[in-house]
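Residues: numbered from 1 along the sequence shown. Everything numeric here is computed off the predicted structure, so don't read it as measured data.
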Amino acid sequence: MVDWKWGRIYYQNEEAIIRSKWSELKAADTLWPRSEIYVKYPVSEAYCISREVIKDYNNGFLQYYDTDSTFIRLGWNVSDQNWATYSEGLKASTLEYLALCDSVQAEFVEIITRMIQDGNLPNESRIELKRK
């Protein structure tokens, strides 16, 4: 799974494929009953690849995330009620920030996909899987 949108959606040694559809997911912290599990432990390899490794693989260049500044952390859900309280300036800056995050994510996906296709996933980034 290279194309993630909601941060840490992979939980080491807890992964499962469920019967629900992605479009039905309403929140990143949704819990499902065991009866929804279709396949337990479908992941055979997992990697946590740092921004620095991604940048190095891309000849030292990142178009959208090439600074040392930390991205602000938004809550997973902004309710309509909360959004209504935002000033127009805060709404605009939040939407601009989200667009930047989408651009960063798309760039990372492209580079990591290239790493996979080239067979160049770094062994030091590999996560040890422990099966229960």
Working to the nearest 0.5 Å, report the span between [atom1] of [X] and [atom2] of [Y].
X    : Y    : atom1 : atom2 : result
R126 : E128 : CZ    : CD    : 10.0 Å
Y57  : D118 : OH    : CG    : 3.5 Å
I17  : E36  : CD1   : CD    : 13.5 Å
S93  : E88  : OG    : CD    : 11.0 Å
I49  : I127 : CD1   : CD1   : 9.0 Å
L62  : D56  : CG    : CG    : 9.0 Å

field: N-O pairing of K55 and E52 below 4.0 Å
entry: no
field: Shared hydrophobic cluster, Y86 / L95 (ILVMFWY, side-chain heavy atoms < 4.5 Å)
entry: yes
- prompt: I111 and I116: same hydrophobic cluster, using ILVMFWY side-chain contacts below 4.5 Å?
  reply: yes
- request: Taking the side chain as every heavy atom from C-beta outward, state whether T94 and W83 have any pair of such atoms under 4.5 Å apart.
  value: yes
field: Test item: R51 and F108 side chains (from C-beta on) under 4.5 Å apart, heavy atoms
entry: yes
- prompt: Do you know which two heavy atoms are closest between L129 and V43, and how far apart they sit?
  reply: CD1-O, 3.5 Å
task: Give the minimum heavy-atom separation between L121 and Y47, together with the two atoms involved.
output: CD1-CE1, 3.6 Å
message: Quick check on R19: does its CZ atom have over 12 non-hydrogen neighbours (other residues, nucleotides or ligands) under 6.0 Å away?
response: yes
- request: Using atom types as modelled and distance alone, determine if a side-chain donor or acceptor of E107 lies under 3.5 Å from a backbone N or O of Q63.
  value: yes
